[in-house]
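See structure below.
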Amino acid sequence: MPRLSGWFVRAALAYLAVGFTLGALILAEKGVSYAPMLWRYLPVHYELLLVGWLIQLALGVAFWILPRFPQGAPRGNEALIWLSFALLNLGIACVVAETVLSIQGLRLVGRAIESGGVLAFVWGSWRRVRPTVV
Amino acid sequence: MPTLTRWFIKTALVYFILALMAGIFSAASDLPGIFPVYIHLLVEGWITLLIIGVVFWMFPKFSRDLPRGSEKLGWATYTLLNAGLLLRVVSEPISAIWNPPGYFWGILLVLSASLQWLGGMAFVINTWGRVKEK
């Protein structure tokens, strides 16, 4: 797999590990109530697993397996996809920081940055969705 | 397609059906504990198990001797995630209806959380070494 896909996939696996850990702690708290403050982190659990794990893995694998161009850069403008990777992860960090650091407004900023990351990915990948010569 | 992948994908398809049924049930009743079961059947049972099965099958080979990493760890992932999720499906609604936290069904939730966490970690450990760049 290309280096950039490796970054996407490793980041996704790391988010899966942290998201699962948080989810397990919250579920256990639901069972035996040992630390009620954990419920505050439920939105972080959602963010890490939906955006950090599922969406990031999909982007990384798409960059790897979508049809390549026969001439020029085989996977198109890689700089745009690196930008997408950076923005997506910066956005996740902002969304998580609103809950963890109690800084109001960061979630909105994070969502906007994540959207920018997804737009960069769509922009960089659009032309790769095409018929392949068998 | 490896045997383990077939187990993951067929189980994921069954969870997909169960998730849709739980979604209908959740919308039709006020029973507490059903909505999180619906979400986890969909996101963990369907989407994540499908992904894990395909990752086990198609990711770069770990080595010539162990192309898919540790098969035992792969089966452990399958067993732990399914045991944890099924335990949750049973114990979360019952715990929400009948028991204050800390009693029998609450302890089962803790067990479910532990099993799911172990399954997630087993997957991450077994997959990390297969993220190989060319």
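First the proteins, then the strands, lettered A, B, ... as listed; each starts at 1.
In this structure, A:W53 CH2 and B:I47 CD1 are separated by 11.0 Å, a value rounded to the nearest 0.5 Å.
Shown here is B:W7, whose CH2 atom has no more than 12 heavy atoms of other residues, nucleotides or ligands within 6.0 Å. Atom CZ of B:F35 has 12 or fewer neighbouring heavy atoms from other residues, nucleotides or ligands inside a 6.0 Å radius. Within a 6.0 Å radius of CE in B:M1, other residues, nucleotides and ligands contribute more than 12 heavy atoms. A 6.0 Å sphere centred on CH2 of A:W82 holds more than 12 heavy atoms belonging to other residues, nucleotides or ligands. Remark: A:R3 CZ is loosely packed, at most 12 non-hydrogen atoms of other residues, nucleotides or ligands lying under 6.0 Å away. Atom CZ of A:R68 sits in a sparse spot, with 12 or fewer heavy atoms from other residues, nucleotides or ligands closer than 6.0 Å.
No continuous path of hydrophobic side-chain contacts links A:V122 to A:F69 [ILVMFWY only; heavy atoms under 4.5 Å]. Criterion: ILVMFWY side-chain heavy atoms under 4.5 Å apart, direct or through other members. Under it, A:Y46 and A:M37 are part of a common hydrophobic cluster. Hydrophobic clustering of Ile, Leu, Val, Met, Phe, Trp and Tyr side chains at less than 4.5 Å, counting indirect connections, unites B:L4 with B:I52. Connection of B:L86 to B:L41 is established within a shared hydrophobic cluster, with ILVMFWY side chains joined at heavy-atom distances below 4.5 Å, either directly or through further cluster members. Connection of A:L119 to A:L90 is not established within any shared hydrophobic cluster, with ILVMFWY side chains joined at heavy-atom distances below 4.5 Å, either directly or through further cluster members.
Contacts of residues 113-125 of chain B with chain A at a heavy-atom distance below 4.5 Å involve B:A113, B:Q116, B:W117, B:G120, B:M121, B:F123, B:V124, listed in sequence order. The stretch residues 4-21 of chain A places A:G6, A:W7, A:V9, A:R10, A:L13, A:A14, A:L16, A:A17, A:F20, A:T21 near chain B, each with some heavy atom under 4.5 Å from a heavy atom of that chain.
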Can I get a per-line list of side-chain donor-acceptor pairs under 3.5 Å for residues 91-101 of chain A, giving both atom names and the distance, sequence neighbours left out?
unit_1	atom_1	unit_2	atom_2	d
A:E98	OE1	A:G105	N	3.1
A:E98	OE1	A:L106	N	3.1
A:E98	OE1	A:R107	N	2.7

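Side chains of B:V43 and A:L49 form no contact here, defined as non-hydrogen atoms less than 4.5 Å apart. Residues A:M1 and B:P60 form a side-chain contact, since some pair of their non-hydrogen atoms from C-beta on lies under 4.5 Å apart. Looking only at side-chain heavy atoms (C-beta outward), A:V61 and B:V54 stay at 4.5 Å or farther from each other.
Sequence neighbours left out, the pairs with a member in residues 40-63 of chain B that pass ring pair (Phe, Tyr, Trp, His ring centres under 6.0 Å) are A:W64-B:F59, B:F16-B:W46.
Neither the backbone nor the side chain of A:I26 comes within less than 4.5 Å of any heavy atom of chain B. At a 4.5 Å heavy-atom cutoff, B:L108 makes no contact with chain A through either its backbone or its side chain. In this structure, no portion of A:I65 lies under 4.5 Å from any heavy atom of chain B.
Nearest heavy-atom pair, A:L27 versus B:S112, reported as atom, atom and distance to 0.1 Å: CD2-OG, 3.7 Å.
Across B:M58, B:K132, B:E44, the residue that shares the most heavy-atom pairs under 4.5 angstrom with chain A is B:K132.
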